[in-house]
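Here's the structure, in structure tokens; my notes come after.
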Amino acid sequence: MLTINLIREQKDFIIERLKVKNFDSEEIINKILLLDSSRRDILSKSDQMQGELNRISKEIGVLMREGKENEAKTAKERTYKLKEDIRSLSDKLIPVENDLRNEIIRLPNLPHKSVNPGHGADDNFKLREGGKIPALSEKALPHWELIRKYDIIDFELGIKLTGAGFPVYKGKGAKLERALISFFLDEGVKAGYTEVIPPIMVNEDSGFGTGQLPDKEGQMYSVTLDNFYLIPTAEVPVTNIYRDVILNGDSLPIKNVAYTPCFRREAGSWGAHVRGLNRLHQFDKVEIVRIAHPDHSYESLDEMVMHVESLVSRLGLPYRIMRLCGGDMSFTSSLTYDFEVWSAAQKRWLEVSSVSNFEAFQANRLKCRFKDKGDKQTRLVHTLNGSALALPRIVAAILENNQTGSGINVPEVLVPYTGFNIID
RNA sequence: GGAGAAAUGGCAGAGUGGUCUAAUGCGGCGGUCUUGAAAACCGUUGUCCUGUGUCCACGGGACCGGGGGUUCGAAUCCCUCUUUCUCCGCCA
């Protein structure tokens, strides 16, 4: 959510910037400014009357104590009309404030100045790439056949237990999954992140804080009886730890790493490219989250990109880092880098991480602020997060890229975690 | 799940209808004293909205778990929700 101050002061700048996201904001902003001025109008009148009412009430208190009953009665009569007027103003105010809020939350976050305009994946900018694309034999299999061959992940069984997109990991497949989670968490802790294990269901306030609600409830599974949502990413509970708090400036940046299962309904997104592990309703992910000082948040973003890069590179996977164009970026993001790894048998790039700076957009929803030492004013923090990493596509790439005639080689860095170096 | 009690500033804790502009203590910040520190003493203290003046103040309004109500006036009374604690029941 953009701050109302910014909208008041930088209207034209906002309209220009949002064009990079292909978002025409002029009409909304004009409506916002109109509602805002009518809100302040009503508020100043009603505050003035409230002040008057408070004064009279205090007078009545004094008169009563002095036993001047008649004068107290006269004073009381003066309050009736005031009370009525205040009530009618506040009745007017409620819809104005609701409309104002509903309009403000329709505005997406402003893209960072380095973001190019564009409409989709083709307009993204390749920042850099690394690793070597393996040359596989003609007989190389896609991962959905490999997992069947080695009996390590069972989709049919998941369908029986729950439904499509809820796989069962078995034997060395389960161990590989657990090894990756441990490896990612340990690397995060080594890089100075504090590990947290959050709830995997959240309430409505949390969903609002990070921007999933009110518009994207269709993407999340909900527990309607208790009004909870299954998290689509650890970003939601971990960032909401800092909802409604005022931090010390010198505690920033706060760095958290969390493993959670993630749940996504993926309504309407099933198509040709979603076989096997490419898209699931439940998957494992390790997420890094930062609460950063606004003056240093882009340094934080760079550090997070380097951290994720070290993970894919140590797993020996060929990767590229894309800076998303305006049209491909999420509603809440200012700047996003996507990590893609090469899946050798499918011969395509798979997105395995998305690292974003949300600047103050989530912080304004979360009311997460900080105060620098000696400062009287609070400021909004910047929030950032990134997958480090999402597991299923990493598993798919490892399986496909590392397949040999005699089995699948486990990346060296994982062997201490798996206890085996080949899946056969 | 049943019965009872409670929720007040960063923390502890007073306040049961009107100078509450929320006591007091601790903590924090600034200062005096000191070679330095501690102790002592003095001062200060939250958040949000809004207006004037314009980067620092001043004025008005709101906030005592959330929401609603009674009243000229609510931390205080009423309703409701949430959370916590105690006891009972159930349970990995």
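Small disclaimer: the values here were computed from a predicted structure and weren't measured. Per chain, numbering begins at 1; letters A, B, ... match sequence-line order.
Considering only side-chain atoms of Arg369(A), the nucleotide from G69(B), C72(B), C48(B) that sits closest is C48(B). For Leu53(A), counting side-chain heavy atoms from C-beta on, the closest listed nucleotide (C72(B), U50(B), C48(B)) is C72(B). With distances taken from any side-chain atom of Leu43(A) to the nucleotides U71(B), U50(B), C48(B), the minimum falls on U50(B). For Thr378(A), taking side-chain heavy atoms from C-beta onward, the closest of the listed nucleotides C48(B), G73(B), G61(B) is C48(B).
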| Run the side-chain contact (heavy atoms from CB on, under 4.5 Å) check on Asn240(A) and Val202(A) step by step: do they pass? | CA-CA 9 Å; Asn240(A) 272 281; Val202(A) 293; over 6 Å; no
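A cation-pi geometry, defined here as NZ or CZ lying under 6.0 Å from the six-membered ring centre and within 45° of its normal, holds between Arg365(A) and Phe208(A). Geometric assessment of Lys172(A) against the ring of Tyr150(A) yields a negative cation-pi assignment under the 6.0 Å and 45° thresholds.
Using the Watson-Crick or G-U wobble rule with both distances under 3.5 Å, U52(B) pairs with A57(B). Using Watson-Crick or G-U wobble geometry with both donor-acceptor distances under 3.5 Å, G4(B) finds its partner in C85(B). Nucleotide U19(B): unpaired (no Watson-Crick or G-U wobble partner with both distances less than 3.5 Å). Searching all strands for a Watson-Crick or G-U wobble partner of U47(B) with both distances below 3.5 Å returns A62(B). If you check G73(B) for Watson-Crick or wobble pairing at under 3.5 angstrom, you find it has no partner at all. Of the nucleotides present, C26(B) is the one that pairs with G10(B) by Watson-Crick or G-U wobble criteria, both distances under 3.5 Å. Under the Watson-Crick and G-U wobble criteria, each requiring two contacts below 3.5 Å, nucleotide A92(B) is left unpaired.
Between A14(B) and G65(B), the two P atoms lie 14 Å apart (nearest whole Å). Across G68(B) and A62(B), the matching P atoms stand 15 Å from one another, rounded to whole Å. Nucleotides U8(B) and G15(B) have their C1' atoms positioned 9 Å apart, rounded to a whole Å. Distance noted for atom P between C77(B) and A6(B): 10 Å (whole Å). A12(B) and A22(B): their C1' atoms are spaced 15 Å apart (whole Å). Distance check on atom C1': G89(B) versus U82(B) gives 23 Å, rounded to whole Å. Distance noted for atom P between G9(B) and C63(B): 15 Å (whole Å). Rounded to the nearest Å, the gap between the P atom of G69(B) and that of G17(B) is 23 Å.
The shortest distance between side-chain heavy atoms of Leu230(A) and Gln282(A) does not fall below 4.5 Å. Residues Leu107(A) and Ile29(A) form a side-chain contact, since some pair of their non-hydrogen atoms from C-beta on lies under 4.5 Å apart. Annotation: side chain of Leu93(A) is in contact with side chain of Leu43(A) (closest heavy-atom distance under 4.5 Å).
When each of Tyr80(A) and Arg87(A) is assigned the nucleotide of RNA chain B with its nearest heavy atom, Arg87(A) is the one assigned upstream, toward the 5' end. Nucleotides of RNA chain B nearest to Asn5(A) and Ile246(A) differ in position, and the one nearer the 5' end is that of Ile246(A).
Ion pairing between Glu84(A) and Lys81(A) fails under the 4.0 Å rule for side-chain N and carboxylate O.
For RNA chain B, the residues of residues 29-41 of chain A within the heavy-atom distance limit of 4.0 Å (strictly under) are Arg39(A), Arg40(A), sorted by number.
Nucleotide C49(B) holds its P atom 9 Å from the CZ atom of Arg8(A), rounded to whole Å. Across the protein-nucleic acid pair, Ile4(A) atom CD1 and G51(B) atom P stand 11 Å apart, rounded to whole Å.
A perpendicular orientation is assigned to the rings of Phe331(A) and Phe361(A), their planes being inclined by more than 60° (bins at 30° and 60°).
Here the options are Val289(A), Ile241(A), Ile291(A), the test is side-chain contact (heavy atoms from CB on, under 4.5 Å), and the partner is Ile254(A); only Ile291(A) passes.
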Give each protein N/O atom lying under 3.5 Å from an N/O atom of nucleotides 53-60 of chain B, with the pair distance.
residue, atom, partner, partner atom, Å
G60(B), N2, Asp47(A), OD2, 3.2

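The backbone N or O of Gln346(A) lies less than 3.5 Å from a partner atom in the side chain of Glu400(A), making a donor-acceptor pair.
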Please output the side-chain donor-acceptor pairs of residues 152-159 of chain A that fall under 3.5 Å, not counting sequence neighbours, one pair per line with the distance.
residue, atom, partner, partner atom, Å
Asp154(A), OD1, Glu156(A), N, 3.1
Asp154(A), OD1, Leu157(A), N, 2.9
Asp154(A), OD2, Lys170(A), NZ, 3.2

